[in-house]
Amino acid sequence: MPELPEVETIRRGLEEKIKGLTIKNVEVRLAKQFQGKATDIIGAKVLSVRRRGKVTIIDLSNGKSLIIHLKLTGQLVFRHDGRSFIGGHPIPFAGTDLPAKTTHIIFDFTNGARLFYNDLRQFGWIKVLRSEEVNTTSAIGKLGIEPFTNDFSLEAFSPILKRSSKPIKLVLMDQEKIAGVGNIYANDALFEAGIDPRRKANSLTPSEGHKLFISLHSVLKEAIKYGGSSAADEAYVNAAGVPGKYQDHFRVYQRQGQLCLNKCGQKIVRIALSGRGTFFCPHCQK
DNA sequence: CTGCGGTCCTGAAGGC
DNA sequence: TGCCTTCAGGACCGCA
């Protein structure tokens, strides 16, 4: 599912393709996924494509912004003349023909390019806001520290751990504490740090907290480098319709029953933590 | 405050 | 073959 690395990969691809384009029309095929008036954005030009946590923000020239949450299966795929692009270059294959039956919103630009919002499970949403409302809207205003900014420091991270008695994995995934971390990267960062996902956050030593801070940062960075992850049952593709490659580098996520990558001889175990699939090595994560 | 469970939705997987 | 049940999962909501 799209977490920070996937949304960031989409953002980079989208910004490159739609910045400066003018919206000609918006076709809303599934009304519940589009909140606000489509007519409010027609004729507006795309100024920037930003990201906060897992939320994509498209700022427009008329004082409006679109905010988009892809939730589990949302996709934003750009096509021009029926083709997808990486950089300025058209690529021959980029998934299925669009629109597909999962296509619920279509943006048409004046140059003939199109942006397809696809969402198999229909949990995601797109909202039209006034640009000045973006920072305070509920989906963004309550978000915690943003990785890859100066706000993401050990000085900010440590007190978050100290203040919670919840399992550390839930704290990593709490969007009001740290923005953008979901199930995949919480699991992999905890493996990298050698910490049991069930440990109470406030039971981590300063040294463990430091190790986790470094691991979280490096795992997210590596995932962006590989263009995000598209696991077996996941719908993630980038803005060109192309899957990511981080799934080939999963440490523990969805590796239950397979050998620990530390060569300790133990197999990765899957448990449920607060109803979410949780993967770890019982030998290497204490 | 915490910790439940339900909700949205679809397709895959398993049972018989 | 085919029908039925179960399950996954981000964010949010209501309840105890």
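By convention in this document, chain letters (A, B, ...) are assigned in the order of the sequence lines, proteins followed by strands, and residues within each chain are numbered from 1. These numbers were taken from a predicted model, which means no experiment stands behind them.
- Here A/Gly182 lies out of heavy-atom contact (under 4.0 Å) with every strand.
- Salt bridge A/Glu8/A/Arg11: present, at least one basic N to carboxylate O contact under 4.0 Å.
- Residue A/Tyr236 contributes atom OH, which lies 18 Å from atom C1' of C/dG9 at whole-angstrom precision.
- Here the CD-CZ distance, from A/Glu15 to A/Arg51, works out to 12.0 Å after rounding to the nearest 0.5 Å.
- Ring planes of A/Tyr226 and A/His249: parallel class, angle under 30° (limits at 30 and 60°).
- Rounded to whole angstrom, the span from the CG atom of A/Leu170 across to the C1' atom of C/dG10 amounts to 13 Å.
- Per the geometry, CD belonging to A/Glu3 stands 17 Å off P belonging to C/dA8, to the nearest Å.
- The residue among A/Lys166 and A/Arg276 whose nearest nucleotide of DNA chain B is located toward the 5' end is A/Lys166.
- Heavy atoms of A/Arg163 sit nowhere under 4.0 angstrom from any nucleic acid atom.
- Remark: aromatic rings of A/Phe157 and A/His210 are distant, center separation not under 6.0 Å.
- Remark: C1' of C/dG10 and CD1 of A/Ile184 are 12 Å apart, rounded to the nearest angstrom.
- In this model, the phosphate group of C/dG10 is not approached by any side-chain N or O of A/His69 to a distance below 4.0 Å at OP1 or OP2.
- For the residue pair A/Ile145 and A/Ala156, the shortest heavy atom distance occurs at CD1-CB, 4.2 Å.
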In a table with atom names and distances, give each donor-acceptor pair under 3.5 Å that connects a side chain of residues 135-144 of chain A to protein atoms at least two apart or in another chain.
{"from": "A/Thr136", "atom 1": "OG1", "to": "A/Glu133", "atom 2": "O", "distance (Å)": "3.2"}

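- Between A/Lys142 atom NZ and C/dG10 atom P there is a gap of 17 Å when expressed in whole angstrom units.
- Remark: P of C/dC12 and CD of A/Gln175 are 9 Å apart, rounded to the nearest angstrom.
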**Fill in**
Protein-proximity profile, nucleotides 8-14 of chain B, B/S/- by nucleotide at the 4.0 Å heavy-atom cutoff, equals BBBS---

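- Atom CG in A/Leu273 sits about 13 Å away from atom P in B/dG5, given to the nearest Å.
- Put simply, the side chain of A/Phe279 does not reach to within 4.5 Å of the side chain of A/Gln258, judged on heavy atoms.
- If you measure from atom NZ of A/Lys71 to atom C1' of C/dA8, you get 15 Å, rounded to the nearest angstrom.
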